[in-house]
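Reading through the structure tokens given below for one structure.
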Amino acid sequence: KAGVTQTPRYLIKTRGQQVTLSCSPISGHRSVSWYQQTPGQGLQFLFEYFSETQRNKGNFPGRFSGRQFSNSRSEMNVSTLELGDSALYLCASLLGPGVSNEQFFGPGTRLTVL
Amino acid sequence: AQTVTQSQPEMSVQEAETVTLSCTYDTSESNYYLFWYKQPPSRQMILVIRQEAYKQQNATENRFSVNFQKAAKSFSLKISDSQLGDTAMYFCAFLVIQGAQKLVFGQGTRLTINP
């Protein structure tokens, strides 16, 4: 069974631009969570989607948004990029709440904002 | 709100030695999971071991075991017979059972296994 895939793996943008990152969960997994990883702040929860609904959102500004499609694939969008948005963005999938609590992580998208 | 603290930013041991990574957490919840995740250099994060808070027995997975002290809110990871492939960042994480799948991570411990 294929693991969690994230595209693109690397991205370079300039301040003010916007970016869209994609995550394809493991087949059959219906929940997708997103995390931001930086050297200074560590791993921080962005949001979680289950059956196309956002169930929870972390403490990030409204420039960070996401969505989930009917096939469970998820995208996150960051608008008006700032230098501080440079980070590794990780996506994690799991079968579903109450079924399993093990989150499987993708390789991440490394975003650099210049 | 839950917090997770890993007090050892870096650790280094010789191959075949045993090493223990510390983790403490703070929560008012009674039902939760605790995890140790491993993130090798430039590689994906993978689950090492999981502990359900309602289970008194400490979890073990081959060379990896935990010491879960619920009253003290402590959750340490012991790696026995360490191997070069154990070199990685190790993150302790907390998850409330009910509700959204939001992992709360510690800052991580960078573990280096020396030959």
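Computed from a predicted model, the values in this text were never measured in an experiment. Residue numbers start from 1 in every chain, and the chains themselves are labelled A, B, ... in the order their sequence lines are given, proteins ahead of strands.
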Problem set entry | A/Arg15, CZ: over 12 other non-hydrogen atoms inside 6.0 angstrom | no
Exercise. Based on non-hydrogen pairs under 4.5 Å, which of A/Pro107, A/Ser33, A/Gly42 is most in contact with chain B?
Worked result: A/Pro107
For this session: Identify which part of B/Gln39 has an atom lying under 4.5 Å from any heavy atom of chain A, answering side chain, backbone, both or neither.
Result: side chain
For this session: Pick one of side chain, backbone, both or neither for B/Leu103, based on which atoms fall under 4.5 Å of a heavy atom in chain A.
Result: both
Exercise. Chain B heavy atoms under 4.5 Å from A/Gln44: which part of the residue, side chain, backbone, both or neither?
Worked result: neither
Exercise. Can you check salt bridge (Lys or Arg N to Asp or Glu O under 4.0 Å) on A/Glu48 and A/Lys57, steps first, answer last?
Worked result: CA-CA 7 Å; A/Glu48 184 223 356; A/Lys57 185 175 183 192; over 6 Å; no
Exercise. Are B/Phe105 and A/Phe64 connected, step by step, through hydrophobic side chains (Ile, Leu, Val, Met, Phe, Trp, Tyr) whose heavy atoms are closer than 4.5 Å?
Worked result: no
Exercise. Picking from B/Phe75, B/Tyr25, B/Tyr54, what satisfies ring pair (Phe, Tyr, Trp, His ring centres under 6.0 Å) with B/Tyr32?
Worked result: B/Tyr25
Problem set entry | Distance-only donor-acceptor check, side chains A/Gln68 and A/Gln54, under 3.5 Å | no
Seminar exercise, completed: Under 4.5 Å to a heavy atom of chain B? For A/Tyr35 that would be side chain
Seminar exercise, completed: Heaviest contributor of heavy-atom pairs below 4.5 Å to chain B, chosen from A/Asn56, A/Val4, A/Leu43, A/Leu46, is A/Leu43
